[in-house]
Structure formats: structure tokens, C-alpha cells
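Only one structure is covered here, and it is reproduced in the block below.
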Amino acid sequence: DKNMALETPKYRLISKYDSFEIRRYSEMIIATTTVNADYKGSTSSGFRRIANYIFGGNDKEMKIAMTAPVISDCPSEGLDTYNISFVMPKEHSMKDLPRANTSDVSIKSEMLGEVAVLAFGGWATESRSMSFQKKFAKMLQQNNIETQGGFMVAQFNSPYVLPMFRKNELMVRIIKKSSVN
């Protein structure tokens, strides 16, 4: 059903490799929260916090449309704090977005810039996310692509979507090669 498609952030495709692509994202506004727990606990309580914000848990009691994906830090050894973010619909600006009823959720402008992206299906569990991250890091190295900052996991589906129909992406910011001309 076309109408069920959630708004996703706009980007320009910069280049396509065999199994991943480089995109340049436009500036976006995110609602974000930091959770001090393991990956599974963080993603579920982070999701609830921000869902509460967009369903009216804010100073204007304003409802904000759900978008996709939900973006979180990718689990890695020794990581015990995770950032979970929703991208705000493009119709909203920093000026008109309400403040969350809790200090745990903040609204900010995010410039991802150029990002390498690897899509994968199924559940984005901790172990699967980590193993795809290892594969992805190797591919990037083989293609001499330098990354900056941590990997992120973007989950596009609600929890009710069956694994074979699920879509996830691993994303990482890259350092643009300065073109010598």
C-alpha cells in the first residue's frame, strides 16, 4: 500500500560499488536520545522515548509523523551507551518542532554528509549487526575508503514485519578524498 510508505531522508547517490553505495545526505533534523544499556535494551527504550515525543509527549502536545529509518549506534565491543535517533519529517523546521516533555530527548540539526551504506535484510540483532559491520569495514578498506566516527544501524521496519521482508542499512561517515586537479 503506497500510503503506508514512511518518509525517508533525502540523499544523492554519489557512487555504487558491488555491495554498497556512497550517498550524500541533505541536512536533517533528528530527535535523539542516549541510553545507557546494552544494544537491545537501548534500542527498545530509545525507541519508546522518541515515539512518546512524536505521539504528543511534547510542550505543544503536537503529533509528528513517524518516519523511517530509526538510526542507532552499531553495537561493538565494550560499547555501553547508544544514541537512538528518528529523522523528523521535512515539513518541520527547528523553529516549529516542540520540545520534548523529557530532557532525555533532544532535537537537533544533523549533517551526515557523505556516507557509505550497506543494506542487509532480516533482524538487525546485535550479533548480525556486528558481523555485517566487520564485513563492511573490510570492503571499505579494500576500496581505500576512510571512515570517520562509528558505524550506525538504520532499521526501516516496524517490529511486526517478518524477517524476509525487513530492510536495514549500516551507515558510516566517510572522509571525502580531496580531488587533485
For [Y], is there any backbone N or O sitting under 3.5 Å from a side-chain donor or acceptor partner on [X]?
X      : Y      : answer
Asp59  : Arg99  : yes
Arg128 : Gly121 : yes
Asp104 : Thr33  : no

Side-chain contact test, heavy atoms from C-beta onward, threshold under 4.5 Å: evaluate it for [X] versus [Y] and give yes or no.
X      : Y      : value
Leu97  : Ile29  : yes
Met152 : Val172 : no
Thr147 : Leu140 : yes
Trp123 : Arg166 : yes
Cys74  : Leu170 : yes
Lys90  : Lys10  : yes
Asp80  : Tyr39  : no
Ile84  : Asp73  : no

Minimum heavy-atom separation for [X] to [Y], with atom names?
X      : Y     : value
Ser45  : Val35 : OG-CG1, 3.4 Å
Val87  : Thr67 : O-OG1, 2.5 Å
Ser42  : Tyr82 : OG-CD1, 3.3 Å
Ser109 : Met94 : N-SD, 4.0 Å

Legend entry - Distance-only donor-acceptor check, side chains Asn101 and Asn58, under 3.5 Å: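 Their side chains do not contain a donor-acceptor pair, so the 3.5 Å distance test is not met.
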Inset, instruction - Answer with yes or no whether the side chains of Thr34 and Asn83 bring together a donor and an acceptor at under 3.5 Å. - result: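 Short answer, yes.
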Inset, instruction - Using the side-chain hydrogen bond (donor to acceptor under 3.5 Å, both in side chains) rule, pick out the option among Arg24, Arg173, Gln148 that qualifies with Glu114. - result: Arg24
Inset, instruction - Look at Glu27 together with Lys108 and state whether they make a salt bridge at an N to O cut-off of under 4.0 Å. - result: no
Legend entry - Ring centres under 6.0 angstrom apart (Phe86, Tyr53):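 For Phe86 and Tyr53, the ring centres are not under 6.0 Å apart.
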